[in-house]
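Computed over heavy atoms, backbone and side chain alike; hydrogens, waters and symmetry mates excluded. Here is the naming used below: chain letters follow the sequence lines, and residue numbers restart at 1 for every chain.
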There are 2 protein chains.
Amino acid sequence: MSAPTERRYHHGQLRSALLAAAERSLREHGAGQLSLRELAREIGVSHAAPRRHFADRQALLDALAETGFRRLETELRAAAERPGADFPRRLRATVTAYVRFATEDAALLDLMFRAKHRPGADQVVAAAAPALGAMEQLIVEGQAAGVIVAGDPERVGVVLFATMLGITALINGEFVPPDRLDDTIDTAVEQFLRGVRPG
Amino acid sequence: MSAPTERRYHHGQLRSALLAAAERSLREHGAGQLSLRELAREIGVSHAAPRRHFADRQALLDALAETGFRRLETELRAAAERPGADFPRRLRATVTAYVRFATEDAALLDLMFRAKHRPGADQVVAAAAPALGAMEQLIVEGQAAGVIVAGDPERVGVVLFATMLGITALINGEFVPPDRLDDTIDTAVEQFLRGVRPG
DNA sequence: ACCTGGAAGTAGTCATGGGCAACAAAGTAG
DNA sequence: CTACTTTGTTGCCCATGACTACTTCCAGGT
């Protein structure tokens with residue numbers, strides 16, 4: 001019967017352990033402070049071990065960004081697909097879900113956006129698309145429900161998406177205090193719906 | 001008669017030379033790649049010389065952020081205060097000025113926002129306020145002109161500000177191609193004005 | 001003129017971190 | 001059992017930020 005924390009030569013789950021530790025470090029200290037050697041020390045492996053799983057520091061960050069997009073998509077869809085609620089509520093819930101994700105994991109979001117337009121980050125770009133699709137789908141449904149003016153959903157939706165991103169930036173930059181978050185989202189959604197109302 | 005490029009022991013303008021070189025490096029390679037030693041080499045001074053003018057790397061970045069806010073304020077006010085133009089035009093010009101600043105100096109803007117909510121960056125915070133004031137003033141004028149609903153200008157303006165920031169993020173993240181920038185701004189301003197129209 | 005103190009720049013050191021290469025251990029397939 | 005592959009280790013090099021002690025230069029007072 002061996003103790004579960006026994007130090008073995010082969011860690012066995014190093015890749016996922018690295019990702020988990022990196023995610024925590026990212027949340028606590030930001031991407032700039034994240035050090036592969038530090039992660040290795042925490043986990044209890046040698047400083048070169050991470051290299052077997054990630055070619056370099058950037059590769060680890062890219063992997064984080066990729067899973068980040070997947071998690072974001074999941075949370076957006078969960079918020080948007082709440083049956084029974086009317087469109088404004090669903091819209092507000094989705095925006096709230098995005099902003100919460102983006103403020104709780106500000107450094108991760110940073111990484112996600114940055115990675116997207118870096119050459120060679122194909123995996124990340126591929127992971128980004130579905131998350132954005134969740135937003136566009138919501139716009140289309142709003143048009144079908146008759147509360148959003150017809151036309152290219154991307155053209156209309158991009159403004160909503162922008163506002164959402166901007167609120168995030170305002171919260172993270174502490175231009176808006178956290179306790180005014182809900183109110184700000186309410187105002188933004190309300191103004192948006194007035195701005196895109198048909199007729 | 002000494003040659004102007006003569007190598008003297010005292011550079012004389014090292015501080016401003018560092019800032020200029022840093023601004024260029026920031027634009028070309030981003031904040032992460034900016035190295036004090038590299039700047040020193042470019043300028044032709046020893047690796048420890050920058051320390052006389054900036055306590056550490058962060059202090060240099062803070063100084064960049066500070067001048068960035070001042071430049072932003074100047075550009076925003078120039079765009080907003082164009083006499084003779086009607087309110088929507090001035091609003092659109094201001095938003096365009098912001099987005100142009102933010103996309104041409106994406107890394108700098110990053111720095112500005114990041115520095116603002118870092119403890120000890122008092123100078124940066126102080127420099128940020130007037131720039132934001134330029135936006136709020138514009139909203140107040142819109143209310144006076146009767147094209148924006150009355151009420152707390154900050155509450156109304158924060159959504160505009162957020163949308164502006166978001167468009168920036170979308171361009172920088174390459175979710176929106178640069179050639180659709182003007183169209184996106186037009187749509188956003190139009191929707192905003194419809195959303196906050198009195199009555 | 002001199003000298004004296006401070007500002008500005010230099011040289012050398014240390015610690016940390018990324019990246020690479022050679023080696024060792026552990027699993028796996030034949 | 002042996003050969004191959006994967007995974008982790010040790011040791012190295014190099015760049016950087018930060019610190020200290022030393023040097024050069026300038027300016028102001030006498």
> Does a side-chain N-to-carboxylate-O contact under 4.0 Å join B/Arg155 and A/Asp183?
Replying inline: yes
> Are any of the side-chain nitrogens in A/Glu73 or A/Arg70 under 4.0 Å away from the carboxylate oxygens of its partner?
Replying inline: no
> Once you round it to whole Å, what is the distance between P of C/dG19 and CG of A/Leu61?
Replying inline: 10 Å
>> Please determine whether a side-chain nitrogen or oxygen atom of A/Arg41 lies at a distance below 4.0 Å from atom OP1 or OP2 of C/dG17.
In response: yes
>> At less than 3.5 Å, do the side-chain atoms of B/Arg51 and the base atoms of C/dG9 form a donor-acceptor pair?
In response: no
> Atom NE2 of B/His47 to atom C1' of D/dG17: distance rounded to whole Å?
Replying inline: 10 Å
>> Reading DNA chain C from 5' onward, which residue's closest nucleotide shows up sooner: A/Leu36 or B/Gly12?
In response: B/Gly12
> For A/Gln13 and D/dT7, what is the distance between atoms CD and P respectively, to the nearest whole Å?
Replying inline: 11 Å
> Is the side chain of A/Glu136 donor-acceptor paired with the backbone N or O of A/Glu154 at a distance under 3.5 Å, no angle test?
Replying inline: no
> Roughly, in whole Å, what's the span from CG in A/Asp56 to C1' in C/dC20?
Replying inline: 12 Å
> Parallel, tilted or perpendicular: which fits the ring planes of A/Phe175 and B/Phe161, with parallel below 30° and perpendicular above 60°?
Replying inline: perpendicular
> With sugar-phosphate meaning primed atoms plus P, OP1 and OP2, does B/Leu34 contact a base, only sugar-phosphate, or nothing at under 4.0 Å between heavy atoms?
Replying inline: sugar-phosphate
> Are any of the side-chain nitrogens in B/Glu75 or B/Arg100 under 4.0 Å away from the carboxylate oxygens of its partner?
Replying inline: no
> Between the base of C/dG18 and the side chain of A/Arg57, is there any donor-acceptor pair under 3.5 Å?
Replying inline: no
>> Output the rounded distance in Å from CZ (A/Phe54) to P (C/dC20).
In response: 16 Å
>> What is the separation between atom CZ on A/Arg8 and atom P on D/dG8, rounded to the nearest whole Å?
In response: 10 Å
> Taking CG from A/Leu14 and P from C/dA25, how many angstroms apart are they, rounded to a whole number?
Replying inline: 19 Å
> Taking for each residue the nucleotide of DNA chain C bearing the nearest heavy atom, is the 5' side occupied by A/Gln33 or by B/His53?
Replying inline: B/His53
> Does B/Ser35 put a side-chain nitrogen or oxygen below 4.0 Å from OP1 or OP2 of D/dT16?
Replying inline: yes
>> Both B/Gln58 and B/Arg52 contact DNA chain D. Taking the nearest nucleotide for each, which residue is further toward the 5' end?
In response: B/Gln58
> Do A/Arg37 side-chain and C/dG19 base share a donor-acceptor contact under 3.5 Å?
Replying inline: yes
